[in-house]
Amino acid sequence: MSFTSIPILDLSLAKDPATKPAFLADLRHALMEVGFLYLKNVGIPQEVFDQVIREGKSFFDIPEEEKFKIEMKNAPSFLGYSRLSAEITAGAIDHREQIDLSTEHPLPSPGAPLHYNLLAPNQWPSPEVLPTFRQLFTDYMKKMGEISIYFTSLIAEAIELPADAFNKYFDKDQQHKLKIVKYPDVGTLGKEGKEGNQGVGPHKDSMLSSYLLQASHHRGLQVQNMRGEWIDCPPLPGTLVVAIGQGLEALTQGVCVSTTHRVLSPAAGQGARFSIPFFQGVRGDTTFDDLEKVGVGQVPEHVKEQRRRVLLEANGGQRLDDVEFTFRKGGVATTLGEATLRNRVKSHPDVGERWYPEILKSLGEERARAASSSPVGGAAVVVPEGKAVEAH
């Protein structure tokens, strides 16, 4: 049957030879049947998580003029502060305020591919208002990067690939991303709140894996099972929520499932929900030709057959959670970096207008062509927008 809850895995069990086989079996189940899981005992002390949460929430309390100094549209990297309701998913406004950070890189050299603009220094809040913010999140992203690479090796082992199968997709100084997000309750949104409670619209994550620290007590994150039902993923103390991305599903020939999820804004009077998702990066120069023709090698046939049985038993072979797969060969982009850049422009048209007007124009033309080819007359046809986003 289709899943009705999110499994909980203990990462410490993977480090003991006596318990690792059972851990890998549970991980395979989560990868094939859910695409989401809670992960506990990841190797970060609870006091560090608590500090990250406190400092993350404090960002939203600094003066507006300090936030505006580091607005995302100030730089072509799509790093920095985004005002409330500045992003769009599935054709609707996302009611959230956030800052985007990444493991830092120097500015690209002149003449570098355009998507190298995504590799850049962060726009940090001033140390005068948040003196420990930069060092704390620099250290946290470094540790989370190490955890994500290790966990990806376990994913490989769980589906009977070599532990280093995915290493070819990581740069030595791989960029990873992190967001600190505030979802106001609908009672504080005024007119915007009357338009719906979408914190983030239905979507799938884009790359390999993401790791969410739920930073307040609120429910709101929901995961869609293969019958199309929305399953709550409430905060559990001491855990990260791991989501499988579309890139991992593609590389594993569909064995590891990337699952549609969304965030609902808190109800009026409940206060703001906070979350701190970390997104494992992938080498931007990776080509779709490599992903589709070379990849990580063939997953064993008996493992793929197990996934086919899961799909058949869960919903008669049907998969009703299917947001359109975004990263695929045949589009304008030939590399993951190019596809990622186009998705960023799609999500943040204000940044696109300032730094990437040609890409923004191209996206507008794509929408116009899609609209002109839609059926005319009869019942309206609603088509989900195929945009992979990064938010929880």
Side-chain angles (χ1 to χ4, degrees), residues 56 59 67-90 93-94 96-109 112-125 134 137-138 141 144-145 171 173-182 200-201 203-208 210 245-247 275-286 326-327 331-333 335-364 385-392:
F59 171 78
K67 297 177 189 175
F68 295 159
K69 288 177 183 177
I70 57 171
E71 265 198 292
M72 184 180 285
K73 65 183 179 182
N74 295 343
S77 61
F78 292 90
L79 300 172
Y81 170 69
S82 295
R83 303 185 192 201
L84 179 66
S85 305
E87 191 166 355
I88 297 170
T89 304
I93 293 172
D94 294 336
R96 69 180 191 263
E97 181 184 5
Q98 65 191 33
I99 181 170
D100 286 60
L101 304 170
S102 80
T103 45
E104 291 195 283
H105 288 70
L107 290 171
S109 58
L114 202 57
H115 69 84
Y116 280 31
N117 285 338
L118 301 175
L119 302 171
N122 286 307
Q123 296 193 81
W124 294 105
R134 179 171 185 166
F137 279 97
T138 296
M141 286 188 286
M144 284 303 307
D171 288 321
D173 59 345
Q174 179 60 52
Q175 183 193 48
H176 305 287
K177 285 197 63 183
L178 177 140
K179 292 175 182 276
I180 307 169
V181 190
K182 177 182 179 181
V200 185
H203 68 282
K204 295 180 179 181
D205 289 351
S206 55
M207 296 297 187
L208 298 186
S210 59
Q246 295 187 58
S275 70
I276 305 175
F278 173 91
F279 301 94
Q280 180 184 40
V282 176
R283 184 168 56 85
D285 287 332
T286 300
T326 304
F327 290 133
V332 174
T335 68
L336 283 179
E338 292 167 0
T340 300
L341 177 58
R342 291 180 68 82
N343 267 334
R344 295 284 188 273
V345 173
K346 195 173 188 179
S347 297
H348 299 278
D350 57 336
V351 183
E353 184 177 25
R354 181 168 183 179
W355 298 101
Y356 305 101
E358 290 302 316
I359 294 179
L360 189 62
K361 179 182 177 183
S362 170
L363 291 168
E385 184 183 31
K387 184 186 75 142
V389 298
E390 294 177 341
H392 297 95

Check your understanding: Pick from Lys177, Arg344, Gln123: which one makes a side chain to side chain contact (heavy atoms under 4.5 Å, CB included) with Asp100?
Key ->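 Testing Asp100 for a side chain to side chain contact (heavy atoms under 4.5 Å, CB included) against Lys177, Arg344, Gln123 leaves exactly one candidate, Lys177.
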Exercise for review: Please name the residue in the list Leu341, Asp285, Thr286 that meets the side chain to side chain contact (heavy atoms under 4.5 Å, CB included) test with Leu336.
Suggested key: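 Testing Leu336 for a side chain to side chain contact (heavy atoms under 4.5 Å, CB included) against Leu341, Asp285, Thr286 leaves exactly one candidate, Thr286.
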Quick one, [X] and [Y] - any side-chain contact, counting heavy atoms below 4.5 Å?
| X | Y | value |
| --- | --- | --- |
| Lys182 | Arg96 | no |
| Leu107 | Pro121 | yes |
| Val345 | Trp355 | no |
| Leu178 | Ile180 | yes |
| Ser206 | Thr340 | no |
| His348 | Ser82 | yes |
| Arg83 | Phe68 | yes |

Spatial distance of atom [atom1] ([X]) from atom [atom2] ([Y]) [nearest 0.5 Å]:
| X | Y | atom1 | atom2 | answer |
| --- | --- | --- | --- | --- |
| Leu118 | His115 | CG | NE2 | 8.0 Å |
| Ser77 | Asn117 | OG | CG | 8.0 Å |
| Phe279 | Lys179 | CZ | NZ | 6.0 Å |
| Ile276 | Phe137 | CD1 | CZ | 5.0 Å |
| Met72 | Ile99 | CE | CD1 | 9.0 Å |

Which heavy-atom pair separates [X] from [Y] by the least distance, and what is that distance?
| X | Y | result |
| --- | --- | --- |
| Asp205 | Ser210 | OD2-OG, 2.7 Å |
| Pro277 | Val181 | CD-CG2, 4.2 Å |
| Ser102 | Leu79 | OG-CD1, 3.6 Å |

Check your understanding: Are side-chain N/O atoms of Tyr81 and Glu97 paired as donor and acceptor at under 3.5 Å?
Key ->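 There is such a pair between these side chains.
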Check your understanding: So, Gln175 versus Thr103: side-chain donor-acceptor pair below 3.5 Å or not?
Key ->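 Absent: no donor and acceptor within the cut-off.
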Exercise for review: Give a yes or no on this: more than 12 heavy atoms of other residues, nucleotides or ligands lie within 6.0 Å of atom NZ of Lys67.
Suggested key: yes
[Y] backbone acceptor or donor facing [X] side chain under 3.5 Å:
| X | Y | value |
| --- | --- | --- |
| His176 | Val282 | no |
| Arg354 | Lys73 | yes |
| Glu104 | Asn122 | yes |
| Ser109 | Ala112 | no |
| Ser362 | Glu358 | no |

Practice item. Taking the six-membered ring for Trp and the single ring otherwise, decide whether the centroids of Tyr356 and Phe78 are under 6.0 Å apart. Key: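 Yes - the distance between ring centres of Tyr356 and Phe78 falls below the 6.0 Å cut-off.
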